[in-house]
Protein chains: 2
Amino acid sequence: MARRVTIADIAAAAGVSKGAVSYALNGRPGVSEATRTKILAIAAEMGFVPNRAARSLSVSSAQTVGIALRRPARTIGIEPYFMELISGIEATLSGGSFGLTLQIVGTVQEELEVYRRWWAERRVDGVFLCDLGTSDLRLDFVADLGLPAVAVGGPVEGARFPAVWHDDVEPSRDILEYLYTLGHRRVARIAGIPGLLHTAIRDEACAETAAGLDFESATMVHSDYTGEQGAQITRRLLSSANRPTAIVYDNDVMAVAGLGVAHELGLEIPEQLSLVAWDDSPLCRLTHPALTSLTRDIPAYGAKCAEVLLTLIGAAEASAPPGPEARAFSVQCKPAQLSPRGSTGPALV
Amino acid sequence: MARRVTIADIAAAAGVSKGAVSYALNGRPGVSEATRTKILAIAAEMGFVPNRAARSLSVSSAQTVGIALRRPARTIGIEPYFMELISGIEATLSGGSFGLTLQIVGTVQEELEVYRRWWAERRVDGVFLCDLGTSDLRLDFVADLGLPAVAVGGPVEGARFPAVWHDDVEPSRDILEYLYTLGHRRVARIAGIPGLLHTAIRDEACAETAAGLDFESATMVHSDYTGEQGAQITRRLLSSANRPTAIVYDNDVMAVAGLGVAHELGLEIPEQLSLVAWDDSPLCRLTHPALTSLTRDIPAYGAKCAEVLLTLIGAAEASAPPGPEARAFSVQCKPAQLSPRGSTGPALV
DNA sequence: ACGAGTAGCTTAACCGGATAAGCAGGCCGT
DNA sequence: ACGGCCTGCTTATCCGGTTAAGCTACTCGT
């Protein structure tokens with residue numbers, strides 16, 4: 001079993017004091033170039049890696065960011081979204097030697113508890129807030145703690161920290177106009193969880209766009225994002241008297257489930273029914289026909305979120321409180337692009 | 001912005017020394033019941049949460065475990081497996097106030113580097129080793145460091161730490177016998193990555209079983225687990241002269257892709273082709289027909305892994321090195337159960 | 001009544017870094 | 001030649017916990 005090297009070991013080997021070693025390793029003035037070089041060489045040779053706890057204790061920073069995911073254990077795996085987001089976050093963090101701490105929680109209360117604990121323990125320097133709600137307890141809670149945070153989604157009105165978000169209004173229009181152009185007059189959308197911010201934004205944008213086009217019917221049904229509900233609602237919609245000729249799903253999982261139901265009912269896709277998935281993922285290309293999707297680059301999105309959080313943490317360390325300039329950090333990403341694939345086609349009236 | 005409470009604050013409020021507070025909070029002897037109660041009350045009232053770095057520094061334990069995932073950023077999301085595993089791990093950890101640190105790496109070398117860094121930094125008390133290979137560098141590496149670890153998979157010969165694993169031999173037999181009984185005589189298996197331990201185990205078990213039944217042909221093709229390859233290989237298999245009447249996929253993602261290809265080729269499922277997915281996930285129930293799968297409870301599996309790792313860490317703290325008794329910790333979980341669904345049926349020769 | 005033992009606390013050292021303050025010695029100007 | 005001022009290093013303190021060792025006052029046995 002290998003032994004851990006401390007700066008005291010290096011100091012002894014180099015014949016200098018601990019302080020000198022610290023100055024040398026951190027690139028601070030206080031040691032000559034000759035000594036610095038020697039110390040760095042010895043440190044490298046001995047394979048020195050600083051003890052996190054010791055450094056954290058000194059500098060009051062954990063070099064870690066946290067993410068709490070609030071989804072039931074059994075369903076969290078199915079949505080590729082989070083893993084892609086996390087892998088994007090990781091890509092940025094690794095560069096900056098930051099670590100990522102993950103926690104899965106069941107309720108908002110639990111989530112708030114986690115943030116309080118992380119903050120009190122100084123376990124993380126900042127957090128990502130996912131699944132923003134239309135009125136989200138967490139925003140003020142985290143801001144009151146003084147815990148740097150980035151809202152993964154938005155826009156967030158008067159937030160006390162930055163948001164990284166996509167415009168969902170334009171894609172909402174795009175998709176409905178696309179379907180209208182294809183001749184669809186009866187459309188339905190199986191929306192996400194009602195309390196979520198982006199669901200609300202899409203709801204409104206879709207309603208508005210639909211009002212501007214003369215659809216015969218433009219239904220909207222809320223769901224919980226699971227495949228089961230996606231399938232169930234699809235089945236109901238397709239059994240109704242004037243069934244829609246096109247269905248838009250708020251995530252890829254429900255769209256895949258919807259496609260399954262269409263197959264089950266013997267419907268030809270896209271001849272008898274067009275399907276669109278919000279949130280493209282490799283999943284959408286596995287099916288036949290492949291699903292027309294609204295494509296976003298989730299890993300890139302995660303990377304951007306991490307970048308903003310790191311900047312914010314850097315700022316928080318430098319100056320005092322994250323002032324109102326934090327909002328200036330907010331980043332609006334490229335809206336989702338429509339990727340037409342085999343699941344959409346002209347409406348055959 | 002709230003202020004963080006330290007034991008010094010509590011000591012001042014209670015009119016005792018830091019030491020007394022520490023004894024009281026940790027349930028150690030050295031303070032009277034009256035004082036202890038008083039200190040606990042004050043700590044609770046002030047909302048005391050110990051600083052992680054300080055505690056870690058003192059007790060040389062991070063109260064954190066780590067998991068490094070080695071998959072390309074873009075494809076990691078698609079497999080529900082990891083998220084389910086993680087959520088299971090979390091379920092156990094939260095109970096023990098342990099944290100989980102996640103890192104996504106690209107290569108084995110990077111992964112080893114991560115373990116070395118985690119160990120040197122004392123960032124984690126133990127790690128989970130996923131995706132075991134047939135001859136895995138990481139086993140000795142991590143054991144040499146003296147970093148407690150649990151092999152997520154197995155069995156592992158002469159490993160210096162426990163493994164949590166499922167038998168894959170029995171399910172291999174189950175599935176081939178099931179297909180044989182259904183009348184299938186030409187079967188194919190799209191296996192996982194060749195270097196992986198469980199791929200090798202399944203390969204051998206399937207070959208052996210197939211040899212015992214008089215299949216006309218029992219093909220095996222290795223893949224990289226992605227939907228693309230699953231689709232591509234399926235397409236090739238189905239275009240061959242004597243195409244198989246049943247295909248077994250080593251994961252759910254490829255099975256879904258395979259189903260897509262079958263639809264694309266206009267094959268009736270299960271009349272003209274039976275499909276089986278290894279590793280059940282909600283994904284398998286989204287399609288039509290639903291995929292016959294080999295079901296394992298992945299969250300429970302993750303929970304078990306975490307439990308074993310925590311035990312191991314506890315043991316490591318108590319005594320010196322994790323001796324040979326570590327192997328006794330190894331846990332064999334219930335083998336995957338065949339869940340017949342719509343994607344398999346009698347072979348119509 | 002007196003020493004031993006113990007309960008109950010305080011003090012101080014320690015974990016491994018960062019960093020302010022202190023202190024030699026060399027170089028400078030005048 | 002001497003005070004002032006860097007340069008380059010050491011010493012000491014701190015971060016916030018844990019914990020061994022020390023001290024005090026009280027109980028108890030003989």
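Letters go in sequence order (proteins before strands), and every chain restarts at 1.
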### Message
Any residue in residues 7-18 of chain B with a heavy atom nearer than 4.0 angstrom to DNA chain D? Just list them by number, or reply none.
### Response
Ile7(B), Lys18(B)
### Query
With sugar-phosphate meaning primed atoms plus P, OP1 and OP2, does Ser32(A) contact a base, only sugar-phosphate, or nothing at under 4.0 Å between heavy atoms?
sugar-phosphate
### Query
Counting N and O atoms only, with roles assigned by atom type, does the side chain of Arg52(A) sit under 3.5 Å from a partner on the main chain of Gln63(A), one being a donor and the other an acceptor?
yes
### Query
Nearest 0.5 Å, what's the OH-OG distance between Tyr23(A) and Ser17(A)?
8.5 Å
### Message
Need one value for Val21(B): base, sugar-phosphate or nothing, where a base atom within 4.0 Å counts as base even if backbone is also close, heavy atoms only.
### Response
nothing
### Query
When you list every nucleotide of DNA chain D with an atom under 4.0 Å from a heavy atom of chain A, which one comes first 5' to 3', and which comes last?
dG8(D) to dG16(D)
### Message
Considering every strand and a 4.0 Å limit on heavy-atom distances, what is the contact class for Thr35(B): base, sugar-phosphate, or nothing?
### Response
sugar-phosphate
#### Entry: Shortest non-hydrogen separation from Arg122(B) to Ala62(B) and the atoms involved
O-CB, 3.3 Å
### Task
Let me know the distance between CD of Glu33(B) and P of dC9(C), rounded to the nearest Å.
10 Å
### Query
Over its full length, what angle do the end axes of the helix from dA1(C)-dT30(D) to dT30(C)-dA1(D) make, each axis taken from five pairs and the result rounded to 10 degrees?
50°
### Contact check, side chains of Gln103(B) and Ile67(B), non-hydrogen atoms, under 4.5 Å
no
### Query
Just one of Leu40(B), Ile10(B), Ile39(B) clears the side chain to side chain contact (heavy atoms under 4.5 Å, CB included) bar with Phe48(B), so which one?
Ile10(B)
### Task
Examine distances only and state if a side-chain atom of Asp144(B) and a backbone atom of Phe141(B) form a donor-acceptor pair shorter than 3.5 Å.
no
### Message
So, taking the atom named CG in Asp297(A) and the one named NZ in Lys304(A), what distance separates them when rounded to the nearest 0.5 Å?
### Response
12.5 Å
### Query
At what distance, to the nearest 0.5 angstrom, does CD of Glu84(B) lie from OH of Tyr301(B)?
13.0 Å
### Query
Any side-chain N or O of Arg55(A) less than 4.0 Å from the OP1 or OP2 oxygen of dA18(C)?
yes
### Query
Within this structure, what is the OH-to-C1' distance between Tyr23(B) and dT10(C), rounded to whole angstrom?
9 Å
### Nearest-Å distance for atom pair CZ/C1', residues Arg123(B) and dG17(C)
15 Å
### Query
Where is the tightest heavy-atom contact between Met46(A) and Ala13(A), given as atom of each residue plus distance?
SD-CB, 4.2 Å
### Task
May I have the distance from Leu25(A) (atom CG) to dG17(C) (atom C1'), rounded to whole angstrom?
10 Å
### Task
Confirm from the modelled atom types if Ser58(A) and dG17(C) form a donor-acceptor pair under 3.5 Å, side chain to base only.
yes
### Option among Leu129(A), Val105(A), Val124(A) that satisfies the side chain to side chain contact (heavy atoms under 4.5 Å, CB included) test with Tyr115(A)
Leu129(A)
### DNA chain C: 5'-proximal contact among Ala54(B) and Val31(B) (nearest heavy atom)
Val31(B)
### Query
Donor-acceptor pair, Asn51(B) side chain versus Ala53(B) backbone, under 3.5 Å?
yes
### Task
Provide, to the nearest angstrom, the distance between the CG atom belonging to Leu57(A) and the P atom belonging to dT19(C).
12 Å
